[in-house]
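In what follows, a structure is listed as structure tokens, so that the remarks can point back to it.
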Amino acid sequence: MKIAILSRNARLYSTQRLVDAARARGHVVRVLDPLRCYVRIAPGSVAIRYKGKPVRDIDAAIPRIGTQSTFYGTAVLRQLEMMGVYTPNSSDAVLRARDKLRSLQILAAQGIAMPVTVFGDNPDDTEDLLAMLGEPPHVIKLNEGSQGTGVVLAEKRSASQSVIEAFRGLYANFLVQEFIAEAKGCDLRCFVVGGRVVAAMQREASAGDFRANLHRGGSAVAVKLSAAEKRVAVQAAAALGLGIAGVDLLRSDRGPLVLEVNASPGLEGIEAATGVDVAGTIVELLETQRDGAQRSVRRGKANVA
């Protein structure tokens, strides 16, 4: 099988692990910087070129698209889809997950539990907006932030108003959420591949911080999930259409709450904490899906005959 990995940097841990895992299983792998891809769009004729050469005969693509290249990266991924390339995370699914507001609306429509969230634009509505949420502390986060950036804990209502005013002054889109105190600065990263949780870790914030992201200095250990936590993680990934997802949960008094769903979850932290070969599991998913597609084609030909 010929696999393309869309990644800005071939030396990143996650990208290199996927390359090694695929080659170990006998596959041909190319790492393509999506920003160096360019496309031709015409009825009945779609093509991609990369650094002056055509991109052809790709069987599957794994998107590792960062937040800074979402628009262009998903356009390239969509072009590959139009060329018949299989991907576990479609361009539309990546876009759904990347937009925090949109993803939460989708999850809520599916009845999946999450922290109460409010969203508003007009400064005149701030006081009533916060009243809809309830008493502080409040968590205020940028709509397209990642790895804990653009996330602020406001412990007083006046602080919430000040942060909201600052974000509005920057013309930034943001959400305001209830603070889940009983989580005690910990969250769960559930790594979902092909409709099942293949690895999970508990992340704990560093001293003086409330964000459990490893990029913010948090620590991580392997954790055993409850049946309810596994079920919620799988449901969240499926609701957004993701075959590969990092689903972040909070343990609350009312059960597991979905904090966020990541379409390009990193492998380094989860593999180090759990010892699970997550990269190999992802390659197995590609193999299974391709084998299934080939069987469907053969059945179709047999029915026609």
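In this text the structure is predicted, and so the values were computed from the model without any measurement. Just the heavy atoms: all of them, side chains too, but no hydrogens, waters or symmetry mates, feed the values below.
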Side-chain (Tyr13) to main-chain (Gly269) donor-acceptor, under 3.5 angstrom
no
Flag, side chain of Asn89 to backbone of Ile244, donor-acceptor distance under 3.5 Å
yes
Is it the case that the side chains of Ser7 and Thr15 hold a donor-acceptor pair, with the cut-off being a distance below 3.5 Å and no angle test?
yes
Residue pair Thr87, Leu80: steps toward the side-chain contact (heavy atoms from CB on, under 4.5 Å) verdict
CA-CA 9 Å; Thr87 176; Leu80 288 170; over 6 Å; no
Working note: Lys184 + Glu204, criterion salt bridge (Lys or Arg N to Asp or Glu O under 4.0 Å); need CA distance, chi angles, decisive distance, verdict.
CA-CA 8 Å; Lys184 298 179 180 179; Glu204 183 174 359; over 6 Å; no
Using 0.5 Å steps for rounding, measure from the CZ atom of Phe119 to the CG atom of Asn143.
7.0 Å
Hey, are the side chains of Val85 and Asp59 touching, using non-hydrogen atoms and a 4.5 Å cut-off?
no
For Leu285 and Pro88, which heavy atoms make the closest approach, and how far apart are they?
CD2-CB, 3.9 Å
Report yes if the side chains of Val221 and Met201 come closer than 4.5 Å at any heavy-atom pair, otherwise no.
no
Student check: side-chain heavy atoms of Arg203 and Cys186 closer than 4.5 Å
no
Let me confirm one number: the CG-NZ distance from Leu259 to Lys100, rounded to the nearest 0.5 Å.
9.0 Å
Could you tell me which residues satisfy ring-ring contact (aromatic ring centres under 6.0 Å, His included) with Tyr86, sequence neighbours excluded, listed by chain and number?
none
Any donor-acceptor pair under 3.5 Å linking the side chain of Arg98 with the backbone of Ala263?
no
Between Thr126 and Gln161, is there a side-chain donor-acceptor contact under 3.5 Å, judged purely by atom types and distance?
no
Interatomic distance, CG@Leu257 vs CG@Leu250, rounded to 0.5 Å, equals 6.0 Å
Short question: side chain of Ser252, backbone of Gly255 - any donor-acceptor pair under 3.5 Å?
yes
Arg196 CZ: over 12 foreign heavy atoms closer than 6.0 Å:
no
Can you tell if the side chain of Val232 reaches within under 4.5 Å of the side chain of Leu249, non-hydrogen atoms only?
yes
Do side-chain atoms of Ser69 reach the backbone of Ile65 as a donor and acceptor pair under 3.5 angstrom?
no
Taking atom CG of Asp121 as the centre, does the number of heavy atoms from other residues, nucleotides or ligands within less than 6.0 Å exceed 12?
no
What do you reckon, is CD of Glu182 surrounded by more than 12 foreign heavy atoms closer than 6.0 Å?
yes
Is it true that Asp248 and Asn262 share a donor-acceptor pair across their side chains at a distance under 3.5 Å?
no
Taking the side chain from Ser90 and the backbone from Ala93, do they hold a donor-acceptor pair closer than 3.5 Å?
yes
Step-by-step side-chain contact (heavy atoms from CB on, under 4.5 Å) determination, Phe179 to Glu155
CA-CA 9 Å; Phe179 177 64; Glu155 298 187 2; over 6 Å; no
Just so I know, are the side chains of Leu130 and Ile164 near enough to count as touching, which here means a heavy-atom distance under 4.5 Å?
yes
d(Ser14 OG, Ile5 CD1) to nearest 0.5 Å is 10.0 Å
Between the side chain of Ser160 and the main-chain N/O of His138, is any donor-acceptor distance below 3.5 Å?
no
With salt bridge (charged side-chain N to carboxylate O under 4.0 Å, His left out) as the rule and sequence neighbours excluded, what pairs involving residues 63-86 come up?
none
Pairwise side-chain contact, Phe174 with Arg168, heavy-atom cut-off 4.5 Å (strictly under):
yes
pair Phe167-Leu142: side-chain heavy atoms closer than 4.5 Å
yes
Strictly distance-based, threshold 3.5 Å: is any side-chain N or O of Gln235 a donor or acceptor partner for the main-chain N or O of Gly111?
no
Where the side chain of Thr74 meets the backbone of Ser91, is there a donor-acceptor pair that is under 3.5 Å apart?
no
CA sep, side-chain torsions, deciding dist, call: Asp277, Arg17, salt bridge (Lys or Arg N to Asp or Glu O under 4.0 Å)
CA-CA 9 Å; Asp277 179 12; Arg17 281 287 295 120; 2.7 Å; yes
Arg254 atom CZ, over 12 foreign heavy atoms within 6.0 Å
yes
Heavy-atom side-chain contact between Arg49 and Val55 under 4.5 Å
no
Side-chain donor or acceptor of Gln177 paired with backbone N/O of Thr117 under 3.5 Å:
no
Taking all non-hydrogen atoms of both residues, which atom of Tyr38 and which atom of Gly52 are closest, and how far apart?
OH-N, 2.9 Å
